[in-house]
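Scroll down for the structure; my scribbles are underneath it.
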Amino acid sequence: MKNENLVPKVRFKGFSDPWEQRKLGELFNERKEKSSQGELLSVTINSGIVKFDTLDRKNNSSADKSNYRVVRYGDIAYNSMRMWQGASGLSMYNGIVSPAYTVITPRTNTDAGFMAVNFKRKSMIQVFQRNSQGLTSDTWNLKFPVLKNIRISIPKITEQQIITELFTVINNLIAANEDKLEQLKTLKKLMMQKIFSQEWRFKGFTDPWEQRKLQQIAKVFDGTHQTPEYVSNGVPFVSVENIKTLKTNKYISNNAFQNNFKIFPQKGDIFMTRIGNIGSVNIVENNKDLAYYVSLALIRPEHIRTQYLAQYISSQNGQRQLWRRTLHVAFPKKINKNEISKINIFYPDNVEQEKIGSLIIKSDHLIAANEDKLNQLKKLKKYLMQNMFV
């Protein structure tokens with residue numbers, strides 16, 4: 001039974017031996033070398049060790065860096081006062097770090113990449129928290145003399161290296177997808193700016209766009225200002241948090257809906273948040289009986305294409321108009337039905353509306369597909385971190 005506890009649930013073919021229990025002091029030495037010379041590095045919770053000049057933060061490091069610790073490629077450095085939060089990482093650089101950090105270097109038969117992943121696991125972070133010393137979380141610290149006595153389970157070096165290779169591939173895929181997703185969002189933002197400023201037009205369209213008040217081309221409904229009571233079943237309750245999916249596990253009674261909400265959303269209606277992220281919209285794709293929250297407005301297009309109107313409200317110009325109408329309102333910013341109704345909508349003829357709406361929706365679908373892929377990769381990594389280690 002004891003050996004069964006030292007075998008991970010997920011394992012590469014060809015490995016069957018139980019993992020060994022070892023003290024971290026048997027696997028690492030502390031690097032005590034100091035220097036004032038070298039590139040300044042920083043240890044982050046989410047990104048591990050990075051070059052400090054890539055961070056968007058003020059350099060508060062001491063002018064006298066004589067006590068700064070040397071970090072070599074392949075070392076692991078961690079923030080002694082934040083190890084219980086996961087502030088550690090494998091260094092891909094040579095440089096120096098603040099004296100607040102501890103630097104450890106792997107011994108023979110210890111793969112630093114494997115250990116760096118292991119240190120980020122939730123169960124290991126909990127171990128680091130239990131072993132951190134100090135009266136409060138603000139003063140907790142984990143120096144090497146304590147760290148070296150922590151016992152962990154570890155396989156032979158060959159299995160360590162294969163696990164490192166797997167997580168290197170996954171991490172690279174995640175980083176590449178994060179970069180691609182950011183580029184797609186930047187492209188969509190630029191596209192919307194150029195299209196709604198009329199700087200970019202589809203071939204064959206040259207007529208100037210018309211301008212109307214929103215109330216001339218759509219009906220606008222306001223939400224209730226009463227906080228509803230939730231019931232176990234009834235009318236689904238749409239709030240800011242679930243505006244994107246329209247999925248919720250909260251319900252209000254039918255009586256409350258009829259008395260306070262009054263409007264049953266229809267296919268093609270637009271929900272719009274009106275607190276905080278002003279102008280964020282979502283379109284009701286199906287006929288559903290939905291309640292909507294005090295912080296939501298509902299727009300029902302009548303003389304304009306739904307997809308075009310939704311994208312226009314989300315555009316820089318649409319949001320700028322909404323924001324101007326909240327300048328006189330105390331924080332948190334709110335806009336009501338009358339203010340929403342008065343915003344100016346610039347729109348082309350129906351054919352160009354369709355083309356614009358379709359183009360932006362395609363970009364949204366592309367972004368959503370990449371977000372889904374990124375989330376799947378992160379879920380896979382989380383699963384493997386939970387099941388490939390002991």
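Residue numbers start at 1 and run along the sequence shown.
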Please check this pair: side chain of [X] against backbone of [Y], looking for a donor-acceptor N/O pair closer than 3.5 Å.
X	Y	result
Gln160	Asp111	yes
Arg69	Tyr101	yes
Gln216	Lys213	yes
Asp75	Val71	no
Ser47	Thr44	no
Glu26	Lys23	yes
Gln353	Pro348	yes
Arg305	Glu354	no
Asn387	Val10	no
Ser358	Lys355	no

Is the closest side-chain heavy-atom distance between [X] and [Y] below 4.5 Å?
X	Y	value
Ile340	Leu214	yes
Ile356	Gln311	no
Glu159	Trp19	yes
Leu359	Met191	yes
Val70	Lys34	no
Asn171	Lys381	yes
Ser36	Tyr68	no
Trp140	Met81	no

Is it the case that more than 12 heavy atoms not belonging to [X] sit under 6.0 Å from its [atom1] atom?
X	atom1	result
Gln211	CD	yes
Lys373	NZ	no
Tyr73	OH	no
Tyr383	OH	no

Distance check, rounded to the nearest 0.5 Å: [X] atom [atom1] versus [Y] atom [atom2]?
X	Y	atom1	atom2	value
Ile125	Lys120	CD1	NZ	6.5 Å
Lys219	Ser341	NZ	OG	12.0 Å
Phe167	Asn172	CZ	CG	13.0 Å

Nearest heavy-atom neighbours spanning [X] and [Y]:
X	Y	value
Leu298	Phe271	CD1-CE2, 4.0 Å
Asp207	Arg201	O-NH2, 2.9 Å
Val43	Gly89	CG1-N, 4.3 Å
Thr110	Met115	CG2-CG, 3.8 Å
Ala218	Pro301	CB-CA, 3.8 Å
Arg212	Glu210	NH2-OE1, 3.2 Å

Next item on the list: Indicate whether the side chain of Thr102 and that of Ser80 have a donor and an acceptor atom separated by less than 3.5 Å.
Entry: yes
Notebook entry, point to check: Can you find a side-chain donor-acceptor pair between Lys156 and Asn109 that sits under 3.5 Å?
Noted result: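 No, no side-chain donor-acceptor contact under 3.5 Å.
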Checklist line | ILVMFWY cluster, Ile361 and Phe202 together (side-chain gap under 4.5 Å) | finding: no
Notebook entry, point to check: Should Phe15 and Val117 be regarded as members of a common hydrophobic cluster, given that ILVMFWY residues are connected when their side-chain heavy atoms come within less than 4.5 Å of each other, either directly or indirectly?
Noted result: yes
Just checking [X] against [Y], ring centres under 6.0 Å apart?
X	Y	answer
Phe389	Phe114	yes
Tyr308	Tyr347	no
Tyr78	Phe128	no

Ionic contact status for [Y] with [X], cut-off 4.0 Å:
X	Y	result
Glu30	Lys143	no
Glu33	Arg72	yes
Lys180	Glu371	no

Next item on the list: Indicate the ring-plane relationship of Phe119 and Phe28, choosing parallel, tilted or perpendicular according to the 30° and 60° boundaries.
Entry: tilted
